[in-house]
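Report on the structure given below.
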Number of protein chains: 2
Amino acid sequence: MTRAVPTSADVARLAGVSRATVSYVLNNTNAVRISEPTRRRVHEAAKELGYVPHAAARSLRAGHSRMVLMPTPAVSVGPLYNRFLSELQWSLSRLDYTVVQYGRVGLTGEEAARAWAELRPVAVLAPGAHDLGPQGVALLKRSGARAVITFGPYQVDGAHALLMDQRSVGRAAGAHLLARGRRRIGVIIPQEPGLEAFSRPRADGVRESAEGTGAQVVEVALPYDEGAAARLAARWRSLGLDGVFAYNDEYAMLLMRALQDEGIAVPDGTGMVGADDLMLGRLLRPRLSTVRVELPSGQELAELVDRMVSDPSAEPPARQLLGAELVERESG
Amino acid sequence: MTRAVPTSADVARLAGVSRATVSYVLNNTNAVRISEPTRRRVHEAAKELGYVPHAAARSLRAGHSRMVLMPTPAVSVGPLYNRFLSELQWSLSRLDYTVVQYGRVGLTGEEAARAWAELRPVAVLAPGAHDLGPQGVALLKRSGARAVITFGPYQVDGAHALLMDQRSVGRAAGAHLLARGRRRIGVIIPQEPGLEAFSRPRADGVRESAEGTGAQVVEVALPYDEGAAARLAARWRSLGLDGVFAYNDEYAMLLMRALQDEGIAVPDGTGMVGADDLMLGRLLRPRLSTVRVELPSGQELAELVDRMVSDPSAEPPARQLLGAELVERESG
DNA sequence: TTGAAAGCGCTACCAC
DNA sequence: GTGGTAGCGCTTTCAA
């Protein structure tokens, strides 16, 4: 029952050839010509045994792999990011890389770098939140990673940074509310763990946009929970806010509903802007004004990875890649 | 600059010991006692070189890995599934498995099985949608996978099935609408690719619940798009439906909004039930009745994997693991 | 056109 | 306590 896993030696034996020949045939090595009958015998033997090459052995011998590693996101970051991810994976597959999401959550810094380095990936793509640090990046590179790419608001020494600064999202929202004459602007700060990496810079962006305008920016904590939203709505008037940036469209919906239940009109009482341009924003009444975020295309990123792998010395300059564009609807 | 990747031999050389000793020290092998000074020297050398063990070499030597492989979901399946996933990953990490999501999308059947088998995972967890087939499962097992677990509505020969039959979701929704006196029930079928695996069985479940009641069940296609929803709403009265199961809460929101804009009252004109019990359902007005889906706990599943890995001969019986409970609110 | 054999990095057995 | 060494499965020279 528990037959041993077939190896190329088993295939060779069954086909009556050497292991070298098996390797030549199965990899279509064109440096070597193998006669047609031999090829067929090898293929048949492989099929009969259900032979599957051993990736680890292969890359051990080759001295490198084509594995691109990224950590599994700890929290669900939303449909936008998911689309980006699957586009990226698709593009990388087309370039013959194996994309692998490493699924131990909560690793950071050098600890994370070590765990990933054990797999000897040829490239690592990591959100800045993992906070690899220069040492983590160095560790990965010393372990053979030819490309270490971080996405996030800041540059990490040694890594190629795709600057995706969430502050631009907050700036766009803030600028819009100010232009509509709002003078005292609330910024929703979700209380869910793992979201600070997004919410802090978004809030900072709102503050930046208000600098020198005399307008005030007030942070308002809000857990993603109906009761909390109702309590916030109950004391809303006492906050004296005339505008609010709701972190994203989901929190915006939560808050809008609570305000409306409390009899506070949007946008007349309080102007509201969400972010991420989800479908649900369009379905709200009033329709939600939002900040549309544009991620870089997965294909572009895949090509960048490929270029860096082929020639790691070529360090292209970091670019700001997070587009943030306000979509005005009815809520503010 | 491009120093070679340090190996245990390098560490041995620097510490002035043999490679065997390095291995003993770094793995804390308790069969062998190593003197304290030696241990220190080895650790220091490893640290100085930035040594990271080579997972592939190790598992090649060991003859097995502790990698649990699952495919990356092709479409975002929703926050519920994400929570389940990260709980599962966390639990498996605690049991010292390395969870890896294999990210080439769109592989199915034996093709997928082969690709995964190359990594020689000790366990594979795959949604039934990948449709491994008995041969795929056999291939994986022959390549050393001690546990092959599928989630999905049906059993695959040779694999351990976690039956997660989406029909129960449809049945719960259908039964509820019928109990409320609805006689002609629409079932929304999303047009997004990749969702059929969920939407078909959910629709089947509604039909099952209507069997023998004389009530009618009508499938209604709906792409996730505002315009399409508006067009559907415009011809809604002509469909003569008095109840609708909206596939899930998001489609329910889309449809509810379109119906309301068309002047069709919910639940008076049409009773509506969603599924997945998302926050947004609670925020709708009328509040959305929904089917709460209960996935198995990630921890339980992790323990099942561990048991199967330790003793693959023990085949526990397949169980129905998808709880579906109706949450009645206001929409139907 | 095919085969023999070295060696990738690691661990575990057996000697000393 | 420590070291020598075989061998996991594979590819790739070099020789025949």
Side-chain angles (χ1 to χ4, degrees), chain A residues 3-42 45-46 49-67 117-122 142-144, chain B residues 4-43 45-46 49-67 117-122 142-144:
Chain A
R3 263 199 334 288
V5 183
T7 72
S8 77
D10 296 322
V11 177
R13 208 167 5 250
L14 181 58
V17 299
S18 77
R19 297 158 66 222
T21 305
V22 171
S23 175
Y24 292 142
V25 171
L26 296 183
N27 296 309
N28 263 317
T29 311
N30 30 15
V32 184
R33 311 211 70 65
I34 304 281
S35 70
E36 207 41 57
T38 307
R39 305 183 80 84
R40 229 196 356 265
R41 283 220 311 288
V42 170
L49 293 175
Y51 170 71
V52 177
H54 191 307
R58 174 179 296 183
S59 68
L60 182 58
R61 166 67 221 224
H64 59 260
S65 72
R66 287 188 68 80
M67 179 193 298
E118 292 195 357
L119 297 184
R120 297 290 192 272
V122 70
R142 218 175 309 122
S143 308
Chain B
V5 183
T7 72
S8 77
D10 296 323
V11 177
R13 204 161 15 245
L14 182 58
V17 299
S18 76
R19 294 156 67 223
T21 305
V22 170
S23 174
Y24 293 142
V25 171
L26 296 183
N27 296 308
N28 263 318
T29 312
N30 28 16
V32 184
R33 310 212 72 66
I34 303 281
S35 71
E36 207 41 56
T38 308
R39 306 183 80 84
R40 229 195 356 266
R41 283 218 314 286
V42 169
H43 278 125
L49 292 175
Y51 170 72
V52 177
H54 193 307
R58 174 179 295 179
S59 68
L60 182 58
R61 166 68 223 227
H64 59 258
S65 72
R66 289 191 63 84
M67 179 192 300
E118 292 194 356
L119 298 183
R120 297 289 191 275
V122 70
R142 217 175 310 123
S143 308

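The model shown is predicted, which means the values in this text are computed figures rather than measured ones. All chains are named by letter (A, B, ...) in the order of the sequence lines, taking the proteins before the strands, and each is independently numbered beginning at 1.
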Worksheet entry | Interatomic spacing from CG in Leu49(A) to CG in Leu14(A) - rounded to 0.5 Å | 5.0 Å

Practice prompt. Return the value, rounded to whole Å, for the distance between atom CG of Asn28(A) and atom C1' of dT11(D).
Written response: 15 Å

Discussion item. Nearest 0.5 Å, please: how far is NE2 in His43(B) from CG in Leu26(B)?
Written reply: 5.5 Å

Discussion item. Just the rounded figure in Å: distance from P of dC13(C) to OH of Tyr24(B).
Written reply: 8 Å

Practice prompt. Using heavy atoms to find the nearest nucleotide of DNA chain C for Arg61(A) and Pro53(B) separately, return the residue whose nucleotide is more 5′.
Written response: Arg61(A)

Fill in: Spacing of His54(A) atom NE2 relative to dG9(C) atom C1', expressed in whole Å
13 Å

Discussion item. Let me confirm one number: the CG-CZ distance from Leu60(B) to Arg58(A), rounded to the nearest 0.5 Å.
Written reply: 13.5 Å

Practice prompt. Look at Tyr51(A) and dC10(D) and indicate whether a side-chain polar atom (N or O) is within less than 4.0 Å of OP1 or OP2.
Written response: yes

Fill in: Rounded distance in Å - CG (Asn27(A)) to P (dC10(D))
10 Å

Worksheet entry | Contact under 4.0 Å: Ser8(A) side-chain N or O vs dG9(D) OP1/OP2 | no

Discussion item. Within the 4.0 Å heavy-atom criterion, would you say Ser23(A) contacts the bases, only the backbone, or no part of the nucleic acid?
Written reply: base

Worksheet entry | Nearest-Å distance for atom pair CG/C1', residues Asn30(A) and dT1(C) | 16 Å

Discussion item. Tell me whether the side-chain N/O atoms of Ser18(B) come closer than 4.0 Å to OP1 or OP2 in dT2(D).
Written reply: no

Fill in: Sidechain-backbone polar pair: Ser65(B) side chain, Met67(B) backbone, donor-acceptor under 3.5 Å
yes

Practice prompt. Specify the residue among Thr29(A) and Ser35(B) whose closest nucleotide of DNA chain D lies further upstream toward the 5′ end.
Written response: Ser35(B)

Practice prompt. Rounded off to whole Å, could you give me the CZ-to-C1' distance for the Arg58(B) and dA12(C) pair?
Written response: 13 Å

Worksheet item: When all nucleic acid strands are considered with a 4.0 Å heavy-atom cut-off, which category describes Thr38(B): base, sugar-phosphate, or nothing?
Response: sugar-phosphate

Discussion item. Taking any heavy-atom pair under 4.0 Å as a contact, classify Val17(B): base, sugar-phosphate, or nothing.
Written reply: sugar-phosphate

Worksheet item: Can you tell me how far the OH atom of Tyr24(A) sits from the OG atom of Ser18(A), to the nearest 0.5 Å?
Response: 7.5 Å

Worksheet entry | Interatomic distance, Arg13(B) CZ vs dG9(C) C1' [rounded to whole Å] | 13 Å

Practice prompt. Round to a whole Å and report the spacing from NE2 of His64(A) to P of dC10(D).
Written response: 17 Å

Worksheet item: Choosing from dC8(C), dT2(C), dG3(D), which nucleotide comes nearest the side chain of Thr21(A)?
Response: dT2(C)

Item to complete: Answer yes or no: does a side-chain N or O of Arg33(B) lie under 4.0 Å from OP1 or OP2 of dG1(D)?
Response: no

Worksheet, complete the sentence: Looking only at dA5(C), dC10(D), dT5(D), the nucleotide nearest the Ala57(A) side chain is dC10(D)

